[in-house]
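Structure record follows, encoded as structure tokens.
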Amino acid sequence: MKKGTVLAALLPLAAAADDDAANSQIRIAYHGDDGMMVSWNTFDHVARPSVFWGRSKEHLVNVASSAVSVTYPTSTTYNNHVLIKGLKPDTTYYYLPAQLNEDVCYEPFNFTTSRKAGDKTPFSVAVVADLGTMGARGLTTSAGTGVSGNNVLKPGEKNTIDSLISNMGGYEFLWHVGDIAYADYWLKEEIQGFLPNTTVEEGYKVYEAILNDFYNEMMPVTASKAYMVGPGNHEANCDNGGTADKAHNMTYDLSICMPGQTNFTGYKNHFRMPSDVSGGTGNFWYSWDSGMAHFIQLDTETDLGHGFVGPDEVGGTEGEGASPVNGKMNAQIKWLEADLESVDRSRTPWIVVGGHRPWYLSHENVTGTICWSCKDVFEPLFLRYGVDLVLSGHAHVYERQAPIADLKIDPRELDNPSSPWYITNGAAGHYDGLDALQSPRQAYSRFGLDTANATYGWSKLTFHNCTHLTHEFVASSDDAVLDTATLYKKRRCVDGGRGGGRW
Ligand SMILES: *[C@@H]1O[C@H](CO)[C@@H](O)[C@H](O)[C@H]1NC(C)=O
Ligand SMILES: *[C@@H]1O[C@H](CO)[C@@H](O)[C@H](O)[C@H]1NC(C)=O
Ligand SMILES: *[C@@H]1O[C@H](CO)[C@@H](O)[C@H](O)[C@H]1NC(C)=O
Ligand SMILES: *[C@@H]1O[C@H](CO)[C@@H](O)[C@H](O)[C@H]1NC(C)=O
Ligand SMILES: *[C@@H]1O[C@H](CO)[C@@H](O)[C@H](O)[C@H]1NC(C)=O
Ligand SMILES: *[C@@H]1O[C@H](CO)[C@@H](O)[C@H](O)[C@H]1NC(C)=O
Ligand SMILES: *[C@@H]1O[C@H](CO)[C@@H](O)[C@H](O)[C@H]1NC(C)=O
């Protein structure tokens with residue numbers, strides 16, 4: 001680009017923060033097929049966050065601005081959010097936030113807008129859940145006392161963030177179905193003697209540093225692929241990543257729940273998911289279309305409705321003490337029903353739902369891991385509206401299940417089932433690694449990987465056409481596909497062609 005045009009407008013900000021690791025954490029999110037939300041962090045408040053953008057790298061002739069530069073107590077940064085509107089679907093644009101943390105000359109970044117609903121071109125997306133910070137404050141080749149050798153990286157092992165970066169050409173957006181960064185593990189990491197340079201007394205610094213590390217590590221992906229996120233318990237956790245570990249007689253004190261964790265505060269500050277254009281609530285429940293698929297993000301943590309208290313709410317099973325994020329009676333399930341009702345299956349034949357907690361999983365039947373109240377509120381709607389695939393994480397394992405309805409395995413399996421297909425993949429990796437699947441596995445289990453396999457990985461979904469959808473488990477260490485399965489749905493395809501077409 002021509003220096004002195006756009007770059008003259010860069011306002012280098014003082015880099016004098018406690019946390020020298022903080023960078024600009026650029027992330028983008030779809031906002032319909034004609035918009036993109038650009039978000040980034042700065043050390044100082046920005047009065048008018050702005051993004052230069054254009055169709056050509058050399059001419060970022062447009063500027064989009066907002067007044068949204070927000071933070072919370074203990075955060076070392078401000079979260080800036082600017083919506084770029086009036087874009088064309090499935091089109092590449094270049095952009096550059098005007099205020100960045102580092103006084104360096106960035107080349108413009110680029111993104112491609114969402115495919116128009118009804119575009120029948122095959123495409124793939126990447127999905128992760130339970131992905132934490134990598135490196136010195138997260139998952140690395142060692143961990144603190146009590147962590148199994150299966151649950152750390154081998155020397156030189158490629159981690160999930162590395163794998164997502166090196167495979168960026170193979171997917172259109174990244175969907176993170178809850179548990180982002182695991183900053184709440186700071187206390188567990190301190191107690192397990194993993195953090196040599198900091199103390200429990202400096203908790204908030206460690207907490208914020210883990211978050212900053214994560215968002216910086218993800219930036220190579222999130223600055224050019226839409227990063228769609230949903231809430232997990234670790235966005236609200238006040239038990240500091242299982243510090244109330246009876247085996248080690250550890251207790252916890254809710255008074256050291258970090259401000260960023262209480263009531264999902266950090267999560268609310270950091271992201272702007274497209275709930276305003278899908279009738280949802282914040283970053284908690286919303287939907288979007290891309291090509292031949294309708295994607296729905298649900299909140300399994302709060303606001304379940306039908307009188308159920310969400311697991312993270314005051315009085316919930318995990319004692320996190322969060323308040324309902326919407327609070328109106330049955331707000332989420334009323335929204336879900338209306339959203340499902342409105343899907344035009346000739347345009348978006350596929351409906352894929354993501355929610356953090358599973359209910360079909362080969363795991364000991366313990367409340368907290370298995371969310372029976374989620375099943376009670378959500379499953380009837382999935383059945384009534386023919387949801388195709390349900391994705392979850394929460395348990396740090398990979399398990400592909402059979403299509404199933406109310407505990408009954410669909411006899412057609414993947415050959416045109418009438419029940420939704422379920423997949424849990426919480427094996428992306430975080431500070432203390434992987435969990436165990438129950439043995440023997442549930443009758444509906446079709447493939448599984450757990451701590452015994454010491455394999456981290458992510459999910460790749462490929463929408464071939466209106467009848468075939470493939471799920472792959474990609475091992476992060478070598479990008480090998482360790483499990484692949486294709487769902488067939490018998491339906492008449494309406495030929496939308498590329499870019500939509502007439503209906
Ligand atoms: C968009 O950005 C990515 C990541 O920096 C880069 O690899 C790619 O070449 C860029 N694409 C275009 C069309 O400039
Ligand atoms: C602790 O400090 C050393 C020396 O500066 C550094 O190499 C190391 O990465 C730090 N560890 C953590 C967890 O921050
Ligand atoms: C935990 O506490 C119990 C009772 O105080 C004691 O018997 C046990 O040895 C302790 N376990 C550890 C791992 O310290
Ligand atoms: C969460 O928000 C509610 C309502 O805004 C407030 O009453 C409550 O004290 C907050 N919880 C924490 C732990 O800060
Ligand atoms: C699981 O446990 C719950 C109680 O927590 C019970 O209501 C339910 O029937 C159990 N389900 C199965 C499949 O064992
Ligand atoms: C995972 O580990 C189990 C236990 O060692 C083993 O039986 C199984 O074959 C492994 N799965 C894969 C795909 O390697
Ligand atoms: C849909 O895609 C699948 C998988 O690639 C392929 O086998 C099938 O023939 C395709 N169907 C049509 C109608 O093109």
Side-chain angles (χ1 to χ4, degrees), residues 1 3-17 19 21-32 34-55 57 59-87 93-113 180 208 211-212 214-216 218-229 259-260 264-277 282-283 286:
M1 69 182 301
K3 299 225 167 74
T5 51
V6 167
L7 287 182
L10 286 178
L11 308 173
L13 295 164
D19 177 17
N23 195 344
S24 299
Q25 312 178 12
I26 300 173
R27 57 215 176 265
I28 57 173
Y30 288 154
H31 193 270
D34 62 350
M36 194 68 90
M37 183 66 73
V38 177
S39 304
W40 74 100
N41 285 34
T42 46
F43 291 124
D44 293 329
H45 177 258
V46 177
R48 193 118 190 101
S50 302
V51 177
F52 298 101
W53 64 276
R55 282 298 308 278
K57 199 173 183 176
H59 299 100
L60 305 184
V61 292
N62 309 286
V63 60
S65 306
S66 80
V68 185
S69 182
V70 292
T71 191
Y72 55 88
T74 77
S75 174
T76 51
T77 60
Y78 285 78
N79 301 266
N80 306 292
H81 303 284
V82 171
L83 174 63
I84 305 180
K85 289 185 286 198
L87 306 176
Y93 292 88
Y94 294 86
Y95 75 100
L96 192 61
Q99 308 90 359
L100 292 170
N101 262 340
E102 283 185 334
D103 185 13
V104 297
C105 294
Y106 278 104
E107 283 288 300
F109 300 94
N110 68 76
F111 60 67
T112 301
T113 44
I180 301 166
E208 297 296 339
L211 278 182
N212 289 333
F214 180 80
Y215 294 125
N216 285 325
M218 291 292 283
M219 197 173 117
V221 175
T222 61
S224 50
K225 299 287 178 184
Y227 183 41
M228 312 306 286
V229 297
F264 297 91
T265 297
Y267 179 69
K268 287 177 185 169
N269 269 261
H270 201 72
F271 295 104
R272 286 294 179 277
M273 290 300 119
S275 46
D276 57 339
V277 285
N283 304 320
Y286 61 92

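These numbers come from a predicted model, not from an experiment. Count residues from 1 along the sequence.
Judged purely by atom type and a 3.5 angstrom limit, Gln99 uses its side chain to pair as donor or acceptor with the backbone of Arg48. Judged by distance alone, with hydrogens and angles left aside, the side-chain atoms of Thr222 form a donor-acceptor pair with the main-chain N or O of Met218 at under 3.5 Å.
One finds the CZ atom of Arg27 at 9.5 Å from the CH2 atom of Trp40 (value rounded to the nearest 0.5 Å). Between the OG atom of Ser224 and the CD1 atom of Ile28 there is a distance of 6.5 Å, given to the nearest 0.5 Å. Atom CD1 of Ile84 is separated from atom OG of Ser65 by 10.0 Å, given to the nearest 0.5 angstrom. If you take CG on Asp34 and NZ on Lys85, they are separated by 9.5 Å, rounding to the nearest 0.5 Å. Remark: Asn80 CG to Ser66 OG distance equals 7.0 Å, nearest 0.5 Å. The CG atom of Asn283 lies 9.5 Å from the CE atom of Met228; values are rounded to the nearest 0.5 Å.
Residues Phe52 and Leu60 share a closest heavy-atom pair of CB-CB, 3.9 Å. Contact detail for Asn62 and Gly54: the closest heavy-atom pair is ND2-CA, 3.9 Å. Taking each heavy atom of Ile26 and Tyr95 in turn, the nearest pair found is CG2-OH, 3.3 Å. Closest heavy-atom contact between Asn269 and Asn79: O-CB, 3.2 Å. Closest approach of Val63 to Ser50, counting heavy atoms only: CG2-CB, 3.9 Å. The minimum heavy-atom distance linking Ile180 with Tyr267 is given by the pair CD1-CE1, 3.9 Å.
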Practice item. List the steps, then state whether side chain to side chain contact (heavy atoms under 4.5 Å, CB included) holds for Phe214 with Asn212. Key: CA-CA 5 Å; Phe214 180 80; Asn212 289 333; over 6 Å; no
Exercise for review: Decide yes or no on side chain to side chain contact (heavy atoms under 4.5 Å, CB included) for Thr113 and Tyr30, but give the supporting numbers first.
Suggested key: CA-CA 7 Å; Thr113 44; Tyr30 288 154; 5.8 Å; no
Exercise for review: Dump the intermediate steps for side chain to side chain contact (heavy atoms under 4.5 Å, CB included) on Asp276 and His31, then the final yes or no.
Suggested key: CA-CA 9 Å; Asp276 57 339; His31 193 270; 2.9 Å; yes
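No side-chain heavy atom of Asn41 sits under 4.5 Å from any side-chain heavy atom of Tyr78. Between Glu107 and Lys57 the shortest side-chain heavy-atom distance falls below 4.5 Å. The closest side-chain heavy-atom distance from Val82 to Val68 is not below 4.5 Å. With contacts defined as side-chain heavy-atom distances shorter than 4.5 Å, the pair Trp53/Asn110 does not qualify. Residues Val221 and Tyr227 form no side-chain contact, since every pair of their non-hydrogen atoms from C-beta on lies 4.5 Å or further apart. Using a 4.5 Å heavy-atom cutoff, the side chains of Glu208 and Thr74 are in contact. Using a 4.5 Å heavy-atom cutoff, the side chains of Phe109 and Tyr94 are not in contact. The shortest side-chain heavy-atom distance between Thr77 and Thr42 does not fall under the 4.5 Å cut-off.
For the side chain to side chain donor-acceptor pair (under 3.5 Å) with Ser39, the qualifying choice from Gln25, Arg272, His81 is His81, the only one to do so.
Note on ring orientation: taking the six-membered ring where Trp is involved, the planes of Phe271 and Tyr215 are perpendicular (angle over 60°, cut-offs 30° and 60°).
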